[in-house]
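First the structure, in the form of structure tokens, and then the observations on it.
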2 protein chains.
Amino acid sequence: MPPSSTRSPAKASGLDCRLAVLGADVRLTPHRREVFDVLAASTDHPTAYDILDRVKSRSPHISLATVYNCLEHLTSHGLIKLVHLERGQSRYCANLHEHVHFHCETCGKVIDAHPATDFDPAKFWNLPKGTKVTHTDLAIHGTCSACAAKS
Amino acid sequence: MPPSSTRSPAKASGLDCRLAVLGADVRLTPHRREVFDVLAASTDHPTAYDILDRVKSRSPHISLATVYNCLEHLTSHGLIKLVHLERGQSRYCANLHEHVHFHCETCGKVIDAHPATDFDPAKFWNLPKGTKVTHTDLAIHGTCSACAAKS
DNA sequence: ATTTAGAATTAGAATGATTCTAAGTGTATT
DNA sequence: AATACACTTAGAATCATTCTAATTCTAAAT
């Protein structure tokens, strides 16, 4: 029986886990919760396969399709972000704070970089009139300090 | 017979086309030249398939593999750029001026936006010490003016 | 408690994009 | 003419992702 008189708009299932993110009370099935927890505990921007491997230690029978389903659900509900840096596998990121991605072209590592000051793309680039911006994705490519030290 | 006494470092073949880009004298085979010309004449950030279709009007027997080979060659020689905005097909761009990409999430259109003023990512984001930046990729997602007007 | 409806999960097939392979062709130098 | 080597090709192979159909699970209705 639900605790409040009206049903939550998002139907719950499974163990009915909840996650308070950005003021919203999102309910998650056990698998979705595990996928989220794995990603939240990762700072290396794992791919779907990486996440499958990590979730398997807790849920050995989870399938890749379910991981993709969970990631899609979490992404569309704004709990995680999808990162496209290169051709090939997409990466995922549970850091919801405003940030950009530094991508080392030598070792492939991806590092979050947080803003030092406010940034408004409209100030720097001439967008056609009437354009509405919902979000921006900045990827900074180069060599990380560790790789730069080696060469 | 080559015009100068020493051979160009990049061996030429075919009709030995040349292209002066960014001060360099790049030699191109006919197919590479056609792929470049098609892309240079396009402002819509075509995919490899789009480019295949357009090149076919001049060279009906060109294959997709050759288009990919040519695009890879042109990209690695800095004559064109690869653009990753979404999952799925990559797009290509012959605009070598500093610019960013506006991506309409409604109609999928991609528009180049040129800088209104100088932009240095290091001023806005805290990168670890010793990091070397080679280039940045900014994608601005939103709704283009045409799609915004419709809704 | 049982039934029902609908969402979640699964394995595996299907799709789509890209890369690889091996053979063939062409061009330039020997 | 012979050789070497880059370019091109078709098709196979690979990789990432999505789809499909069957199954399981949960919550609500009976």
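By convention in this document, chain letters (A, B, ...) are assigned in the order of the sequence lines, proteins followed by strands, and residues within each chain are numbered from 1. Predicted model, so just to flag it, every value in this text is computed and none were measured.
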Phosphate OP1/OP2 of [N]: any [X] side-chain N/O under 4.0 Å:
{"X": "B/S63", "N": "D/dG11", "answer": "no"}
{"X": "A/H73", "N": "C/dA8", "answer": "no"}
{"X": "B/T66", "N": "D/dT9", "answer": "yes"}

*Below 6.0 angstrom between ring centroids: does that apply to A/F124 and B/F124?*
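Yes, the ring of A/F124 comes within the 6.0 Å limit of the ring of B/F124, centre to centre.
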_Check ion pair B/D44-B/R54 (N to O, under 4.0 angstrom)_ =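 Answer for the salt bridge query: yes.
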*asked:* What contact category does A/T47 fall into here, base, sugar-phosphate, or nothing, at under 4.0 angstrom with non-hydrogen atoms?
replied: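 If one applies the 4.0 Å heavy-atom cut-off, A/T47 turns out to touch nothing in the nucleic acid.
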*asked:* Any residue in residues 48-62 of chain B with a heavy atom nearer than 4.0 angstrom to DNA chain D? Just list them by number, or reply none.
replied: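 Heavy-atom cutoff 4.0 Å gives B/H61, B/I62.
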*Quick one: do the B/H114 and B/H99 side chains pair a donor with an acceptor below 3.5 Å?*
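Note: B/H114 and B/H99 side chains miss the donor-acceptor criterion.
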*Just checking, any donor-acceptor pair under 3.5 angstrom between side chains of A/T66 and A/N69?*
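Distance-only check fails for A/T66 and A/N69.
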*asked:* Nearest 0.5 angstrom please: A/L71 CG to A/L39 CG, how far?
replied: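 These two atoms lie 7.0 Å from each other.
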*Map A/R91 and B/V67 onto DNA chain D by nearest heavy atom, then report which one ends up closer to the 5' terminus.*
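Its nearest nucleotide being more 5', the pick is B/V67.
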Can you name the atoms? Protein N/O to nucleotides 19-22 of chain C N/O, anything below 3.5 Å, with the distance.
unit_1: C/dT19; atom_1: OP1; unit_2: A/R87; atom_2: NH1; d: 3.2
unit_1: C/dT19; atom_1: OP2; unit_2: A/R87; atom_2: NH1; d: 2.9

*Options D/dT17, D/dT8, C/dT9, nucleotide nearest the side-chain atoms of B/T29*: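 Nearest nucleotide to the side chain: D/dT8.
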